[in-house]
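First comes the structure, then the notes that go with it.
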There are 2 protein chains.
Amino acid sequence: MLTERQQAIFDFILQFRNRNGCSPSIPEIQRQFDIRSPNGVVGHLHALEAKGYIRRGERGSRQIDLVGHNAASIAEVPLYGSIAAGFPETAETPRAETFLGLDETTLGFRPKNGCFALRVRGDSMKDAGIFDGDMVVVEPTPSPRENQIVAALIDGECTLKRLVRVNGKWFLKAENAAYPALHPRSDLVIQGAVRTVIRRMQ
Amino acid sequence: MLTERQQAIFDFILQFRNRNGCSPSIPEIQRQFDIRSPNGVVGHLHALEAKGYIRRGERGSRQIDLVGHNAASIAEVPLYGSIAAGFPETAETPRAETFLGLDETTLGFRPKNGCFALRVRGDSMKDAGIFDGDMVVVEPTPSPRENQIVAALIDGECTLKRLVRVNGKWFLKAENAAYPALHPRSDLVIQGAVRTVIRRMQ
DNA sequence: CCGTTCGGTGTAAGAATTTACAGTATCATG
DNA sequence: CATGATACTGTAAATTCTTACACCGAACGG
């Protein structure tokens, strides 16, 4: 529970952030509340941090991050074109087409670093409801589970397939009768599992 | 138009802001891009500011405000449950289950006021790639076009159907062979057109 | 060949900010 | 009344960040 003063300062930080896109510095908080010593503010910030309302960087100015009561944490997921020539996150990272801004509610999971999106090309997954032009958000997974749809790198090109296990052996399966191709798992790089599908209409 | 380097730096600022809640300082940008002089970064910031992509405070650290292509244009779209007992936006607006935070890039259109999302129930649109449990973002449209998938109110329940015209007459058509039902348009309230489909996997 | 743009290096001054340390005053509580 | 929590004052050092100035090299267009 916050004291009246702490609440007022928390509210000010919230407002300041919405107006200026960054947190206020300690001197700016001093001026707002007519506090003549930086330490007067620091005490409140420590209290707010101890109570879990804010989080502050080690040292460096304006590093007040609002926790929880936050302005919905939006993840900026890089969207790569349909042909990814390499693993996104290596030296030759392909240039992101753009960024998708989505929150955790929409994504359905908490995006870790390394999460990315791909524009789907082709209809090899059409029976799974993923069509040409769709966007998929891929979460890098060290060990993808059976039956998940994964983004895999085959011959330098990124494709989506369903990961299946037949008689203990792993295969990649297209969800389209016209694409019977199965590839053994060992020869490929699995970039991650598809966690969210986004389709724009018209 | 931004140069490749400028775009990369702009993207980094965007990501940094969404991860840390504040803009990076110049030394932090230096470290990210292995630029050994602060002036190397300052040049880019001046270019970005001149091109209108960012705005900077007079003096003071971490005061990089993103303009236009801003991360601030996140729409909070209310998500209603599968059974909408009334038109969302009337007096008896159903309580939103939650809110989806998405930007214009993800949505594919600029969300006007009145835009909402529905959780899909049933498989009447499965042949259109919309499955049970999916979420659809609906844009209220005064005059929906032919062949658009619309959210319509039938007997107090909200359903998705494709709007088709046969011999000059409007019908609603399910995208599933098991649902042959067609309803004349005049008897229904069309809430809007489906503009985005979002599906979470696993 | 020359000027311009882009993308830097290197250094240093100076401004802004954070942090630390030593106190003070008020109020509620046991 | 003593104690602790809250809410500061005041000062100074340390750190971080911005800005300015001088200069370099490559690529490109005329």
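A, B, ... follow the sequence lines: proteins, then strands. Residue 1 opens every chain. Everything numeric in this text was worked out from a predicted model, so none of it was measured.
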Short N/O separations, protein against nucleotides 20-28 of chain C, under 3.5 angstrom:
unit_1: C:dC21; atom_1: N4; unit_2: A:Asn39; atom_2: ND2; d: 2.8
unit_1: C:dA22; atom_1: N6; unit_2: A:Asn39; atom_2: ND2; d: 3.3

What does the list of N/O pairs under 3.5 Å between the protein and nucleotides 24-30 of chain D look like, with a distance for each?
none

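The interatomic distance linking A:His44 (NE2) with D:dA5 (P) rounds to 16 Å, in whole Å.
At least one side-chain nitrogen or oxygen of B:Thr3 sits closer than 4.0 Å to the OP1 or OP2 atom of C:dG7. Regarding contacts with the backbone of D:dT16, every side-chain N or O of B:Ser25 stays at 4.0 angstrom or more from both OP1 and OP2. Proximity of B:Arg56 to the phosphate of D:dT19: a side-chain N or O atom is located under 4.0 Å from OP1 or OP2.
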Side chains of residues 124-136 of chain B: which donor-acceptor partners sit under 3.5 Å, not counting sequence neighbours?
unit_1: B:Asp132; atom_1: OD1; unit_2: B:Gly122; atom_2: N; d: 2.5
unit_1: B:Asp134; atom_1: OD2; unit_2: B:Phe131; atom_2: N; d: 2.9
unit_1: B:Asp134; atom_1: OD2; unit_2: B:Arg199; atom_2: NH1; d: 2.6

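For the helix from C:dC1-D:dG30 to C:dG30-D:dC1, the terminal axes (five pairs an end, C1' atoms, rotation from four pairs onto the next four) enclose an angle of 30°, given to 10 degrees.
Using a 4.5 Å heavy-atom threshold, the side chains of A:Ile149 and A:Lys161 count as separate.
Among D:dC17, D:dT9, D:dT18, the nucleotide with an atom closest to any side-chain atom of B:Arg62 is D:dC17.
For A:Ser23, the side-chain hydrogen bond (donor to acceptor under 3.5 Å, both in side chains) test picks out A:Arg17, with sequence neighbours left out. Not counting sequence neighbours, the partners of B:Gln148 by the side-chain hydrogen bond (donor to acceptor under 3.5 Å, both in side chains) test are A:Gln202.
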